[in-house]
Asks: 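Sharing a structure with you now.
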Amino acid sequence: MILAVLAACSDPAQGTFVGNPSLQARYVDSVDQVGLGGRLATNGTALEPCSAPTIGLGPQVFTFDGTVASVSIDLPEEELCGIRLVVTELAVQVDDAGVDKTVVGQDFDLWVPSDAIPAGAPRLELRLGDEGWLPGFLALAGPGETLLNTEADPALVAAFFEGLDEGSAFVELP
């Protein structure tokens, strides 16, 4: 259903975008769980203005350097109420108290509300998870790479996706 919504999005009217905008993605690390990198790839990404039609951005790829990745996008001048991502892959690579772990989630939808970002915000950050997200699921992951869709135990899968859904935020950067 999300794909149908993204495909049905019409192009916004001319003059509805702010200049040279960017969308940064970041996952929240800590003293014990230090982000080393990762990747967020979407099959479709859409901005949801509060009082205007959905704006489909198409596929996006964020490659994390440490915990931060960014892409250049056009942002609407309208107030934003959230972002929708049809995720093909989210890989999070972390040093967990001296043990390298990579956890990969595939093929899921993520809706992140914004708390109404002011109109014309030139820089935005999609914060994936919160302070408790990495410690919550990494404690259940073994060393090396874990694919959530094929080999992980249900508790790890639940901690990863519930923490991502509940802890993610979409905020304006200064």
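Treat the numbers as computed from the prediction; the structure is a model and nothing was measured.
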Asks: Indicate the atoms forming the closest heavy-atom contact of Pro174 with Arg123, along with that distance.
Replies: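 That closest heavy-atom pairing would be O-NH1, 3.0 Å.
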Asks: So does Gly129 get a backbone contact from the side chain of Ser168, meaning a donor-acceptor N/O pair under 3.5 Å?
Replies: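 Here the side-chain-to-backbone pair exists.
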Asks: Are Ile73 and Thr45 side-chain neighbours, meaning at least one heavy-atom pair lies under 4.5 Å?
Replies: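 Result no, sub-4.5 Å side-chain heavy-atom pair not found.
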Asks: Walk me through it: do Thr42 and Leu57 pass the test side chain to side chain contact (heavy atoms under 4.5 Å, CB included)?
Replies: CA-CA 10 Å; Thr42 72; Leu57 301 176; over 6 Å; no
Asks: Would you say the side chain of Leu126 lies within less than 4.5 Å of the side chain of Leu85, judging by non-hydrogen atoms?
Replies: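 A side-chain contact exists here, since the closest heavy-atom pair is under 4.5 Å.
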Asks: Measure the acute angle between the ring planes of Phe160 and Phe137, then classify it against the limits of 30° and 60° as parallel, tilted or perpendicular.
Replies: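 The rings of Phe160 and Phe137 stand perpendicular, inter-plane angle above 60°.
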Asks: To the nearest 0.5 Å, what is the distance between CD on Glu79 and OG on Ser51?
Replies: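 Answer for the CD-OG pair, Glu79 versus Ser51, is 7.5 Å.
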Asks: How long is the gap from CH2 on Trp133 to OG on Ser30, to the nearest 0.5 Å?
Replies: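 Output value for this atom pair is 12.0 Å.
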Asks: Hydrophobic cluster membership, with links at side-chain heavy-atom distances under 4.5 Å among I/L/V/M/F/W/Y: are Ile83 and Val171 in one?
Replies: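 No; Val171 is not reachable from Ile83 via cluster members.
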Asks: Taking all non-hydrogen atoms of both residues, which atom of Leu47 and which atom of Pro76 are closest, and how far apart?
Replies: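 Minimum heavy-atom separation between Leu47 and Pro76: CD1-CD, 3.5 Å.
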Asks: So do Leu90 and Leu164 actually touch side chain to side chain, heavy atoms under 4.5 Å?
Replies: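 Answer yes - side chains close enough.
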Asks: Heavy atoms only: give me the nearest Gly167-Asp130 pair and the separation to one decimal.
Replies: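 Shortest heavy-atom separation between Gly167 and Asp130 comes out as CA-OD2, 3.7 Å.
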Asks: For residues 88-98, which residue pairs qualify under side-chain hydrogen bond (donor to acceptor under 3.5 Å, both in side chains), counting only residues two or more places apart or in two chains?
Replies: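 Residue pairs passing side-chain hydrogen bond (donor to acceptor under 3.5 Å, both in side chains), neighbours aside: Gln33-Asp96, Arg39-Glu89, Asp96-Lys101.
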Asks: Would you confirm whether Thr67, through its side chain, and Arg26, through its main-chain N or O, come within 3.5 Å as a donor-acceptor pair?
Replies: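 No: the side chain of Thr67 does not pair with the backbone of Arg26.
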Asks: Under the 3.5 angstrom rule, does the side chain of Asp29 hit a backbone N or O of Gly35 as a donor-acceptor pair?
Replies: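 Yes; judged by distance alone, with no hydrogens or angles, the pair exists.
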Asks: Search all heavy atoms of Ala46 against all heavy atoms of Thr54 and return the closest pair with its distance.
Replies: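 For Ala46 and Thr54, the tightest heavy-atom pair comes out as CB-CG2, 3.6 Å.
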Asks: With side chain to side chain contact (heavy atoms under 4.5 Å, CB included) as the test, would you mind laying out the steps for Leu148 and Phe161 before giving the verdict?
Replies: CA-CA 10 Å; Leu148 296 180; Phe161 289 112; 4.0 Å; yes
Asks: Any side-chain heavy-atom pair from Val71 and Val61 closer than 4.5 angstrom?
Replies: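 Answer no - side chains too far apart.
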Asks: Would Leu134 and Val28 count as a side chain to side chain contact (heavy atoms under 4.5 Å, CB included) if you check the C-alpha gap in whole Å, the side-chain angles of each, and the deciding distance to 0.1 Å?
Replies: CA-CA 7 Å; Leu134 286 179; Val28 182; over 6 Å; no
Asks: Apply side chain to side chain contact (heavy atoms under 4.5 Å, CB included) to Val92 and Leu128, showing your working.
Replies: CA-CA 10 Å; Val92 177; Leu128 300 169; over 6 Å; no
Asks: How close do Gly82 and Trp111 get, heavy atom to heavy atom, and via which atoms?
Replies: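 That would be CA-CH2, 3.5 Å.
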Asks: Mind listing the closest non-hydrogen atom pair of Leu23 and Phe170 along with its distance?
Replies: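 Closest approach of Leu23 to Phe170, heavy atoms only: CD1-CE1, 3.5 Å.
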Asks: Do any N or O atoms from the side chain of Ser114 and from the backbone of Leu80 form a donor-acceptor pair under 3.5 angstrom?
Replies: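 Such a contact is found between Ser114 side chain and Leu80 backbone.
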Asks: Rounded to the nearest 0.5 Å, how far does CG of Asn149 lie from CZ of Phe108?
Replies: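 Here the interatomic distance stands at 8.5 Å.
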Asks: Checking side chain to side chain contact (heavy atoms under 4.5 Å, CB included) between Leu36 and each of Thr102, Val94, Asp100, Asp65, which is the one that passes?
Replies: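 That would be Asp100; it is the only one of Thr102, Val94, Asp100, Asp65 passing the side chain to side chain contact (heavy atoms under 4.5 Å, CB included) with Leu36.
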Asks: Kindly compute the distance separating CZ (Arg127) from CD (Gln24), expressed to the nearest 0.5 Å.
Replies: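 CD of Gln24 is found 8.5 Å from CZ of Arg127.
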Asks: Only one of Val157, Leu156, Val104 clears side chain to side chain contact (heavy atoms under 4.5 Å, CB included) with Thr146; which?
Replies: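 By the side chain to side chain contact (heavy atoms under 4.5 Å, CB included) criterion, Thr146 pairs with just one of Val157, Leu156, Val104: Leu156.
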